[in-house]
Number of protein chains: 2
Amino acid sequence: MQVFFSETHKRHQPRHEFIGGALVPAFDRPERAEQIAGALQQTGLFKFDQPTDLGMVPIRAIHEQDYLDFLSTAFKSWQAAGLEGSPMASNVAGSPKGPRPEYIEGVIGYYANSCETTIDDGTWEGAYASAQSAINAARYVTTGQGRSAFALCRPPGHHCEATRFGGYCYLNNAAIAAQYLRDHGTAKTAILDIDFHHGNGTQAIFYDRADVFYGSVHGDPLLTYPFYKGYSNETGTGVGAETTMNLPLGADAGNDEWLAAITALLGAIDSFGADTIVVSLGVDPHHSDPQSNFQVTTDGFSRAGHLIANAGKQTVIIMEGGYSADAIGPCVAAFLQALDDTWP
Amino acid sequence: MQVFFSETHKRHQPRHEFIGGALVPAFDRPERAEQIAGALQQTGLFKFDQPTDLGMVPIRAIHEQDYLDFLSTAFKSWQAAGLEGSPMASNVAGSPKGPRPEYIEGVIGYYANSCETTIDDGTWEGAYASAQSAINAARYVTTGQGRSAFALCRPPGHHCEATRFGGYCYLNNAAIAAQYLRDHGTAKTAILDIDFHHGNGTQAIFYDRADVFYGSVHGDPLLTYPFYKGYSNETGTGVGAETTMNLPLGADAGNDEWLAAITALLGAIDSFGADTIVVSLGVDPHHSDPQSNFQVTTDGFSRAGHLIANAGKQTVIIMEGGYSADAIGPCVAAFLQALDDTWP
């Protein structure tokens, strides 16, 4: 399978994050991507390419220009203000947004949907390269070079909204890929989000859209981040009514419940009539993941790959979360190999 | 002048707060209240009493029971979850709120409007005692024991909404006092907020109410906390239309601009027909305050006291912010003495 992976992800080195009332080492470390890349390379079954720079147009199709300007300048603005900690919001604007503040601590909260995530020196470069991998994977599929491609994105994207970062996410790679597909010949696209966390950013971006379906299986938000979105009664709005589907699962959900939910989401995607599936692949549902309360096994990811391949649609896979050093490589490899094996 | 002040404020000892991307020593230290009390006692002009415990009914008139249950149990729930840092939100629910999460990190954000503020062991006791001072001051005035009374509240209250803490505030003392006045014979009450920061909590509580006017002069929210509220086009809604008035001032505003704004607010309060004024007294407009960009002097607070006394209405003064160790005592004393001197 074709893999797009940029070394530039290493530029994004968050010093820490803010959870549990403390600044703790960031979960989204550069090693994550290297561990996944290593596991894939070990199999000898994947062709790695650096992404071609396809520019800002596909990114601007999802994110507002003022937000992109903010992201690319936030670290410098923060330093210029003489603030010593890493750039982080300590309050957020909420919706609808009023005027954009001028002082950087107000600006950063204006563009944040939660407060745990830093914007460091190199974050913009890393996020831009990550998005380029997603765009390259979408282009690979939509130009008929293959039925599937994997974007080894880091940082991840699915918590990021059109104008709000958060949850370690700055550019919504899956949304950018889905929009790229829509803009290049795909009539209807579906996003299947199997990360342990609900993709609140992706959902928000397409909530009122009839042409992009968003379906997610994830940890019950009563128990886990993002807490305030991802409930089963969130089903879309306006012309996008019934094009969002959330299947939260309770603590200790194992392969059976998880795969049943994926099967249900694939059924809804088929009814929706999607030509292409963008998979937000988080491997944090694995039982060893420090952020997850699920009990999914490595074999569960293999079976998920088979299920998705059997849907018979073009598939763009976007890397999201996963924080178990030992498990993330094997889980991604198992998922992608199963997907590749299933197709003729 | 009568002062209500509870020693119990000392139970609220926040270890730190989260601003500028870092955990820094909390600005709202117990010494603040002691410095103010000391300055008042030095004059020999103030009669200090501990507040009588007037119970939960006046607090429940502003805050929802589920929020109060949360506040009084949050520290223990956080400890029970094994989280090591001080209880703090790292994300917030926004409006409208969906379901209330079960896990404490989700619960705390459900009840937060910003992420800088801790809930420590003793916070509930301190906040409860602070609210009791406000209720006692309101009762003192509404029962005709005097034209004015000062509640030396700590923690402050004006950033706290009906179901959301933030900005060092847990119970909205000024709102509780205003509602107490309404419930005890005052037809129309006005809140005059002269803290450097906009009282976003108080505004939210009375935004759709025709019987309580909220007027505030404060630092331009483009430049300072709370950043996303306090703009001049926020004037109330529904039956509360035109009962909110915000006069943000730019950096370096001095006595003249500040007192002119207070004069304008008093004019609006007079037109509104308030019987009683609740003053949210922050002394952080002082030029020496570390959180302020205003240039108000100690004499400015004296002149503000004269202006408010000349409005000729019953006045309940509630302590809000102020963080300059040298200035807060003299500023509060100057304000209250001027108020007392002006009346016959």
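Labels below follow one simple rule: chain letters A, B, ... track the order of the sequence lines, proteins then strands, and each chain is numbered from 1.
To the nearest 0.5 angstrom, A:Ser90 atom OG is 8.5 Å from B:Tyr225 atom OH. Note: B:Glu102 CD to A:Asp220 CG = 6.5 Å, rounded to the nearest 0.5 Å. How far CG of A:Asn91 is from CG of B:Asn200: 9.5 Å, rounded to the nearest 0.5 Å.
Your options are A:Gly94, A:Gly98, A:Ser114, A:Ala81, and the one with the most heavy-atom pairs under 4.5 Å with chain B is A:Ser114. Note: A:Ala93 leads A:Gly85, A:Pro87, A:Ala93 in heavy-atom pairs under 4.5 Å with chain B. Listed options A:Thr118, A:Leu23, A:Val24 were ranked by heavy-atom pairs under 4.5 angstrom with chain B; first place goes to A:Leu23. Ranked by heavy-atom pairs under 4.5 Å with chain B, the list A:Cys115, A:Ala22, A:Gly166 is led by A:Cys115. Listed options A:Asn113, A:Ile108, A:Leu223 were ranked by heavy-atom pairs under 4.5 angstrom with chain B; first place goes to A:Leu223. Counting heavy-atom pairs closer than 4.5 Å to chain A, the top-ranked of the candidates B:Gly109, B:Ser95, B:Pro226 is B:Gly109. Counting heavy-atom pairs closer than 4.5 Å to chain B, the top-ranked of the candidates A:His16, A:Met88, A:Glu17 is A:Met88. Contacts with chain A were tallied for B:Pro99, B:Gly82, B:Ser86; B:Pro99 has the most, counting heavy-atom pairs under 4.5 Å.
For A:Tyr110 and B:Phe227, the distance between ring centers is not under 6.0 angstrom.
Residue B:Ala89 touches chain A through its backbone alone, counting heavy-atom pairs closer than 4.5 Å. Looking at B:Pro221, the atoms closer than 4.5 Å to chain A (heavy atoms on both sides) all sit in the backbone: N, CA, C or O. Using a 4.5 Å cut-off between heavy atoms, B:Tyr231 contacts chain A through its side chain alone, with no backbone atom that close.
A side-chain donor-acceptor contact under 3.5 Å links A:Glu105 to the backbone of B:Gly20. When atom types are taken as modelled, the side chain of A:Tyr228 and the backbone of B:Gly106 share a donor-acceptor pair closer than 3.5 angstrom.
Atom NZ of A:Lys97 is surrounded by more than 12 heavy atoms from other residues, nucleotides or ligands within 6.0 Å.
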